[in-house]
Amino acid sequence: MSQKTAKEALLNLINKASGKIPLRDYMGFCLTHPLHGYYSTKKPLGKDGDFITSPEISQIFGELIALWFINFWEGRGNPPNVALLELGPGRGLLMRDILRTFKIRPALLETLEVHQVEINPHLKKDQCAAIAPITVSHHTTVDEALEALKGKTTFLIANEFFDAFPIDQYIYKDQRWQKRYVTYNTEKDAFEFQDEIFKDPFGNCAFPMKPAEGTIMESAPLVENLFREITKHLNHQGGAGLIIDYGYDKFCYGDTFQALERHQKANPLDNPGLVDLTVHVNFATLLLIAQQHKNMHSKLETQGDFLRNLGIDMRTDLLAKNATDSQVKQNILDATNRLVADNQMGELFKVLQIWT
Ligand code: SAH
């Protein structure tokens, strides 16, 4: 079968797998297939894209993150050979704001190397342009980046990166856990879910409380493995990291798999490869992984608390006071509100801080 369209390539994958693929493989195809994947081909961010992120909303986000890293650096006695690694940098605005703020510590900028992990060739160009004349080493995978950072004190930042990694879903149906697959319904000419009894005994031993019919449980082994590698690296090399994303801080059931198209929710099984697919990040598990390293410190907070503790209100007041135009002033206040208010991004977004 020729595979000129995403649909044809996906059908081919499903047919080869005898009619169904796990949700994890569906997400993986839609997000990162080299020819048809959303992140391999599209420019997802900004007003004309599908979603908007904190550094796109306010410069203060990156400025405060820079202060967090400076605080760590000075607390460790200004170590040399520092690498700042960003995972999934989008249009590069966060890195731009961090590096601009680092100018208040020229000795840090002098000893700093910038690394970014990105799969999207269009975004790589934006990322280089955003920080020129400072240069960046790009990597395609986290493993490759960590390998290049051996021997360096590492600062790691990932904003809205982990939510783009494929997950598995299990649904409690007919009194049993069933694994969620994606199949193709020829009559309806549509992709749809298909659930199949999951033979692994975890359904019986790991969940003493009987879940309600239709309960969904998610598991993100790819993210967990990535995070294990990251914490291992930081533990060994020394450094600090911030993982920021929407997610939950206590173990819970629920379906968080969603598609976003032009800032609206869409059906995640329609238009594979053309819309953003995301899930909420399980920060409870990431925290446990970090805590397995005896010498690693960790703290999990809401984005609102994290930014308020770093002084977002003071910085906002200062910027607003210096604004000459009343509209600009209002925009500054609105942007901060969007980042920290409980009914905006302040509560839903979490910040996992790790340091050695
Ligand atoms: N951190 C940015 C952008 C978040 S969008 C911001 O806050 O604005 C997710 C980013 O991760 C994009 O740059 C996307 O191209 C990149 N990305 C998504 N999946 C990836 C993967 N598997 N490997 C490398 N980069 C990925």
Side-chain angles (χ1 to χ4, degrees), residues 24-25 27-34 36-66 84-99 114-131 136-146 148 156-167 220-227 229-230 241-247 258-261 263 273 275-281 303 306-307 335 338-339 345 348-351:
R24 189 206 298 196
D25 295 350
M27 279 187 80
F29 172 92
C30 293
L31 292 173
T32 57
H33 184 279
H36 305 295
Y38 179 77
Y39 280 115
S40 317
T41 56
K42 288 203 36 163
K43 275 196 153 192
L45 287 139
K47 281 202 190 86
D48 300 327
D50 294 314
F51 58 92
I52 192 153
T53 56
S54 297
E56 302 264 338
I57 293 171
S58 170
Q59 68 181 69
I60 303 179
F61 186 74
E63 291 171 352
L64 295 178
I65 285 172
L84 172 57
L85 169 63
E86 183 178 15
L87 312 182
R91 296 201 296 186
L93 304 191
L94 176 56
M95 185 59 87
R96 179 199 65 189
D97 294 335
I98 292 177
L99 295 178
V114 178
H115 293 256
Q116 292 179 318
V117 171
E118 178 58 69
I119 46 165
N120 183 317
H122 309 294
L123 290 177
K124 267 186 204 167
K125 282 192 195 141
D126 291 352
Q127 290 154 14
C128 291
I131 60 166
V136 47
S137 305
H138 269 118
H139 308 275
T140 318
T141 64
V142 175
D143 279 354
E144 188 189 306
L146 295 181
L156 180 135
I157 171 80
N159 185 54
E160 294 209 35
F161 179 69
F162 286 99
D163 65 67
F165 276 79
I167 58 152
L222 298 180
V223 163
E224 287 170 26
N225 285 342
L226 263 186
F227 194 63
E229 292 307 314
I230 288 169
L242 292 172
I243 311 292
I244 308 175
D245 223 309
Y246 35 77
Q258 64 169 14
L260 277 178
E261 187 176 20
H263 306 269
V275 297
D276 181 35
L277 299 181
T278 77
V279 290
H280 285 197
V281 173
Q303 175 164 301
F306 174 75
L307 294 175
R338 201 160 162 196
L339 296 187
M345 300 168 85
L348 175 64
F349 278 71
K350 310 287 187 292
V351 181

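As the structure lists them, so they are numbered: ligands from 1, and atoms in each ligand from 1.
- Here His138 pairs with nothing under the ring-ring contact (aromatic ring centres under 6.0 Å, His included) rule; sequence neighbours left out.
- Taking Phe165 as the reference, Phe161 meet the ring-ring contact (aromatic ring centres under 6.0 Å, His included) condition, with sequence neighbours excluded.
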Contact table, ligand 1 N/O with protein N/O, distance under 3.5 Å:
residue: ligand 1; atom: 1 (N); partner: Gly88; partner atom: O; Å: 2.6
residue: ligand 1; atom: 1 (N); partner: Asn159; partner atom: O; Å: 2.7
residue: ligand 1; atom: 7 (O); partner: Thr53; partner atom: OG1; Å: 3.4
residue: ligand 1; atom: 7 (O); partner: Asn159; partner atom: ND2; Å: 2.7
residue: ligand 1; atom: 8 (O); partner: Thr53; partner atom: OG1; Å: 2.6
residue: ligand 1; atom: 13 (O); partner: Gly90; partner atom: N; Å: 2.9
residue: ligand 1; atom: 13 (O); partner: Glu118; partner atom: OE1; Å: 2.6
residue: ligand 1; atom: 15 (O); partner: Glu118; partner atom: OE1; Å: 3.4
residue: ligand 1; atom: 15 (O); partner: Glu118; partner atom: OE2; Å: 2.5

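- Using cut-offs of 30° and 60° for the angle between ring planes, the Phe51 and Tyr39 rings count as perpendicular.
- In this view, Ser58 and Ile60, Ala335, Leu339 satisfy the side chain to side chain contact (heavy atoms under 4.5 Å, CB included) rule, not counting sequence neighbours.
- What you find for Gln127 and Pro89 is that their closest heavy atoms are NE2-CD, 3.5 Å.
- Shortest non-hydrogen contact noted between Val351 and Gln303 is CG2-CA, 3.8 Å.
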